[in-house]
*Asks:* 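Please see the structure below; I have some questions.
Just so you know, these numbers use all the heavy atoms, side chains as well, and skip hydrogens, waters and symmetry mates. All of these numbers come straight from a predicted model, not from anything done at the bench.
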Amino acid sequence: MMTRDVFNAQARNRSLGLVKRIAVAACILTLGGCAQIKPQADFALTRQLFTQSTGLADIYDPDQPLLTPEEIEAVLADGLTLPEALRVALLNNRKLHAEFMSIGVAKADWVQSGLFSNPTFAFSAQFPEGGGRSNIQASFAQNIMELWQIPKRKNAAQAALDETIMRIAHRAAALAVETRSAYLNAVAARELSRIAKENLELATKSHATVTAQREAGAASLLDENLARGQALTADLGVRRTRLDAANAKRHLARLMSVAENVDDIVLSDSMPEGFDVSLQPEALIALARKHRLDLRALAQAARSRAAKVGLEEVNIIPEISIGPFFERGERRGSQGRNLGADFARASIANGAATLPSIQSRSERKAARRQEIDTIFGPAITMTLPIFDQNQAQIAKADFLLQKALKEYEDALIRTAQDIRVALDEMQTALHSATFYHDEVVPQAERNLEFATASYSSGQTNILTLIEAQRLLLEARRGFVAVTLEASTAVARLEQTIGLPLDGLETQESTP
C-alpha cells in the first residue's frame, strides 16, 4: 500500500518536472526572439548628410579601423595642409567618435519600441494534507494594448533617431568649421610671428644705424636709447608671437586628437585669397531653412514630441492582458479498507456469515465522472482608469511639444538674422582685406622708406623713424587680422547656411 508521504513525494516530482519543461520552453522562445541592433545604415546616412552639408567626404565610420599612429605621423611629417587637417580631425577626433555612439543608442531605442512586452506565466501547485492528487493552477497572459501602442512608440522612436542622426551630422560639420578656423588661426599666428621677426630685424638695423651716427656725432644718446628701446620691444614681440603660434598649433592638435608634440609641424598652406562673391541674404535664408541640419533636427524633435502625445493618449488604459487559464482540482487519495470489520458488519446485518460488498471498477469510474476534474477557459486582466487617466502625462507631452515648436520657430528667426550678420561681416572683411593689401600696407612701406632716408640725411628725428616703423608693423598685423577675419567669416557663413559656398549655385537651381 502506498503511504501518504510516498504519494506526496511523487506528486511533487511530477510538478517539478512540469516546471522544468516550461522553463526550457521559455528559454527557447527567448533565444528565438532576440532582436539585433544594426545601426550601420544610420551611420551611413549621417555621413551622407555631413557630405551634403560640407562637401567633405572623409568622416568617422564606427565599422572601419581608426587611423594608426604611423598614418598620422606620416601625414604630419611632410607638412600639414588644410585638407589633411580636416581629414585627420574628422576621422580621429575622439569626441566625434563618442557622439556617433548616440546613434547606436537611438537605434536600440527604436528596436525596443517595436517589441512586445514579455508574456506573463503563472503556475501554482497545492498539495492536500491527507495525500492525494495536488491542485494545479496555470495561466498565460499577454498585454494586447501594445497592438495600439507599438505603432505610436515606433513613430516617436523613429523621429528621435532621425533627430539624433541630423544632430550628429551637424556636430561633425561644426567640427569641420572649428578645425578650419583653428588651422587658419595657426597660419595667421605663424604670419604674425614672421612679421614680428621682420620688425625685430628692422628695429635692430635702425638701432645699429643710430649707434653709428652717435659715434660719428650725428645723433644723440637719447636717439640711441630710443632706438634700443624699440629693438627691445620688438624682441618681446617675437617671444610673444612665438608662444601664440605654438598654442594655435596645439589647439589644432586637440581637434585632431593628436597627443604628440606639434611645435615643429609645418603648416603648408598660406592665408587664403578673399572670395569675390555677391550673395543675396533672402536666397541664403531659404537655403538654410531647407538644408541646415540643426534646423532639420529641431523639426524632427517636434515630430517626435507629437508622436509621444499620441502615445500618451493611448496609454489611458495601460494594460489589458488576456490568455488561457487552467485549473485541475485536488482529489483525496484512495483509503485502504478494513476487511475484518466490513465482514463483521455484513454478517451481523444478515444474521449469518456474509462477505462484504465490493465496488466494481466501472462503478468507481462512474462515481469519479460525477466530479469536476479540470477547469479551462479565458482570463482577462485590465487596469481600470478610475483615479489615474494619464491626464498628467498627456499634458506634459503636449507642453513638451509646444516647447519644441517654439524652439524651432526661434531657431528659424535667429537663423535669418545670423545669415544677415555673417554675410555683412564676410563682405566687410573681404573689402577691408583688399583695402589693406592695396592701400594701407604699401603706403606704410613707402612712409618707412621716406622716414629712413630723411633720418639718414638729418632731416627728421628718431621719433619720426620709430613711428613709421610702428605704423608699418600695425599695417602688416592689420592685414593678417582682416585676412583671417575674412576667411573665418566665410566659414561661419557656410556653417550658418548649412552648405559650402562653392555649391550654392547648384543648390539654388535645385527645385
*Asks:* Answer whether the closest heavy-atom distance between the side chains of L472 and N447 falls below 4.5 Å.
*Replies:*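 A side-chain contact is absent here, since even the closest heavy-atom pair is not under 4.5 Å.
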*Asks:* Which atom names give the shortest non-hydrogen contact between E312 and I394, and what distance separates them?
*Replies:*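 Heavy atoms of E312 and I394 come nearest at O-CG1, 3.6 Å.
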*Asks:* Between S117 and E146, do the side chains contain an N or O donor and an N or O acceptor separated by less than 3.5 Å?
*Replies:*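 Yes - a donor-acceptor pair under 3.5 Å links their side chains.
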*Asks:* What pair of heavy atoms forms the shortest contact from L284 to L423, and how long is it?
*Replies:*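 Heavy-atom minimum between the residues: CD1-CD2, 4.1 Å.
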*Asks:* Any donor and acceptor pair, going by atom type alone, linking the side chain of E84 with main-chain N or O of T81 inside 3.5 Å?
*Replies:*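 Side chain of E84 to backbone of T81: a pair is present.
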*Asks:* Do V75 and E71 come close enough that some side-chain heavy atom pair is under 4.5 Å?
*Replies:*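 No. Closest side-chain heavy atoms not under 4.5 Å.
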*Asks:* Should the heavy atoms of other residues, nucleotides or ligands under 6.0 Å from CG of D264 be counted, would the total exceed 12?
*Replies:*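 No, not enclosed.
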*Asks:* Within the side chain of Y183, is there an N or O that forms a donor-acceptor pair under 3.5 Å with the backbone of L80?
*Replies:*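 Confirmed, Y183 side chain pairs with L80 backbone.
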*Asks:* Could you walk me through whether N92 and M256 pass side-chain contact (heavy atoms from CB on, under 4.5 Å), step by step?
*Replies:* CA-CA 6 Å; N92 198 54; M256 296 190 298; 5.6 Å; no
*Asks:* Can you confirm whether more than 12 heavy atoms, excluding those of K107, are under 6.0 Å from its NZ atom?
*Replies:*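 Atom NZ in K107 is packed in, count exceeds 12.
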*Asks:* Checking R190 side chain against L267 main chain: does a donor-acceptor pair fall under 3.5 Å?
*Replies:*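 It does hold such a pair.
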*Asks:* With distance as the sole criterion, is a donor-acceptor pair present between the side chains of E319 and N143 under 3.5 Å?
*Replies:*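 No - no donor-acceptor pair under 3.5 Å links their side chains.
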*Asks:* Between K403 and E407 (salt bridge meaning N to carboxylate O under 4.0 Å), is one present in this structure?
*Replies:*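 Judged by the 4.0 Å cut-off on N to carboxylate O distance, K403 and E407 do form a salt bridge.
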*Asks:* Going by atom types only, do N315 and Q149 share a side-chain donor-acceptor pair under 3.5 Å?
*Replies:*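 A donor-acceptor contact under 3.5 Å links the two side chains.
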*Asks:* Are M166 and H170 side-chain neighbours, meaning at least one heavy-atom pair lies under 4.5 Å?
*Replies:*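 Result no, sub-4.5 Å side-chain heavy-atom pair not found.
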*Asks:* Hey, does the side chain of S257 reach the backbone of R94 with a donor-acceptor pair shorter than 3.5 angstrom?
*Replies:*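 Pair found, side chain donor or acceptor close to backbone of R94.
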*Asks:* For the NZ atom of K249 and the CG atom of N261, what is their distance to the nearest 0.5 Å?
*Replies:*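 Reported to 0.5 Å precision, the distance equals 9.5 Å.
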*Asks:* With a 4.5 Å cut-off on side-chain heavy atoms, are Q402 and L405 touching?
*Replies:*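 Yes - at least one pair of side-chain heavy atoms lies under 4.5 Å apart.
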*Asks:* Would you compute the distance between atom CG of L311 and atom NZ of K154 and round it to the nearest 0.5 angstrom?
*Replies:*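 It is 14.0 Å, given to the nearest 0.5 Å.
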*Asks:* To the nearest 0.5 angstrom, please state how far the CG atom of D263 sits from the CD1 atom of I265.
*Replies:*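 Output value for this atom pair is 8.5 Å.
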*Asks:* Test your reading of the model: is there a side-chain donor-acceptor pair from D269 to the backbone of L82, 3.5 Å cut-off?
*Replies:*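 At least one qualifying donor-acceptor pair exists.
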*Asks:* Is the closest side-chain heavy-atom distance between F479 and E191 below 4.5 Å?
*Replies:*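 No, every pair of side-chain atoms sits at 4.5 Å or beyond.
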*Asks:* Would you please classify the geometry between the Y60 ring and the F100 ring as parallel, tilted or perpendicular, with 30° and 60° separating the classes?
*Replies:*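 Judged by the thresholds at 30° and 60°, the geometry between F100 and Y60 is perpendicular.
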*Asks:* Do you know the tightest heavy-atom contact between F50 and L56?
*Replies:*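 So the two residues come closest at CE2-O, 3.7 Å.
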*Asks:* Can you tell whether the side chains of R492 and D418 come within less than 4.0 Å, N to carboxylate O?
*Replies:*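 Between D418 and R492 there is no salt bridge, as every charged N stays at least 4.0 Å from the carboxylate O atoms.
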*Asks:* Working to the nearest 0.5 Å, report the span between CD of Q393 and CG of D388.
*Replies:*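 Going from CD on Q393 over to CG on D388, the span is 8.0 Å.
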*Asks:* Under 3.5 Å, side chain of T488 to main-chain N/O of L484, donor-acceptor pair present?
*Replies:*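 Present.
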*Asks:* Less than 4.5 Å apart, any side-chain heavy atom of I150 and any of R153?
*Replies:*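 Yes. Closest side-chain heavy atoms under 4.5 Å.
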*Asks:* Under 3.5 Å, is there a donor-acceptor pair between the side chain of S53 and the main chain of L49?
*Replies:*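 No: the side chain of S53 does not pair with the backbone of L49.
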*Asks:* Measure across A156 and K308 and return the closest heavy-atom pair with its distance rounded to 0.1 Å.
*Replies:*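 Closest heavy-atom pair between A156 and K308: CB-CG, 3.8 Å.
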*Asks:* For atom CD of Q391, is the number of surrounding heavy atoms from other residues, nucleotides or ligands below 6.0 Å larger than 12?
*Replies:*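 Yes.
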*Asks:* Would you say the side-chain atoms of Q230 and S206 include a donor-acceptor pair closer than 3.5 Å?
*Replies:*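 Absent: no donor and acceptor within the cut-off.
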*Asks:* Any donor and acceptor pair, going by atom type alone, linking the side chain of H97 with main-chain N or O of L91 inside 3.5 Å?
*Replies:*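 It does hold such a pair.
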*Asks:* Would you call D410 and K406 a salt bridge, taking side-chain N to carboxylate O under 4.0 Å as the test?
*Replies:*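 No.
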*Asks:* Kindly give the heavy-atom pair with the smallest separation between F325 and S139, and that separation in Å.
*Replies:*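 For F325 versus S139, the nearest heavy atoms are CD1-CB, 3.9 Å.
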*Asks:* Show your working on salt bridge (charged side-chain N to carboxylate O under 4.0 Å, His left out) between R296 and E163 and close with a plain yes or no.
*Replies:* CA-CA 8 Å; R296 296 168 65 181; E163 175 199 356; over 6 Å; no
*Asks:* Cut-off 3.5 Å, side chains only: do R446 and Q443 have a donor facing an acceptor?
*Replies:*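 Checked: R446/Q443 side chains pair up, N/O donor to acceptor below 3.5 Å.
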*Asks:* Salt-bridged, R476 to E198, with N to O below 4.0 Å?
*Replies:*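 Yes, R476 and E198 are salt-bridged.
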*Asks:* For A189, is there any backbone N or O sitting under 3.5 Å from a side-chain donor or acceptor partner on S193?
*Replies:*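 No, S193 side chain to A189 backbone: no donor-acceptor pair under 3.5 Å.
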*Asks:* So, for D438 and P442, which heavy atoms are closest and what is the spacing to 0.1 Å?
*Replies:*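 Closest heavy-atom pair between D438 and P442: O-CG, 3.6 Å.
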*Asks:* If the threshold is 4.0 Å, N to carboxylate O, is there a salt bridge linking D244 and R240?
*Replies:*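 Salt bridge: no.
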*Asks:* Would you check if the side chain of N155 reaches a backbone N or O of P151 as a donor-acceptor pair within less than 3.5 Å?
*Replies:*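 Here the side-chain-to-backbone pair exists.
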*Asks:* So, do V238 and L200 sit near enough that their side-chain heavy atoms are less than 4.5 Å apart?
*Replies:*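 Result yes, sub-4.5 Å side-chain heavy-atom pair found.
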*Asks:* Can a salt bridge be assigned to the pair R420 and E425 using a cut-off of 4.0 Å between side-chain N and carboxylate O?
*Replies:*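 Here R420 does not pair with E425 in a salt bridge, since their nearest N and O are not under 4.0 Å apart.
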*Asks:* Are I380 and I320 close enough that some pair of their side-chain heavy atoms sits under 4.5 Å apart?
*Replies:*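 Yes; the side chains approach each other to less than 4.5 Å.
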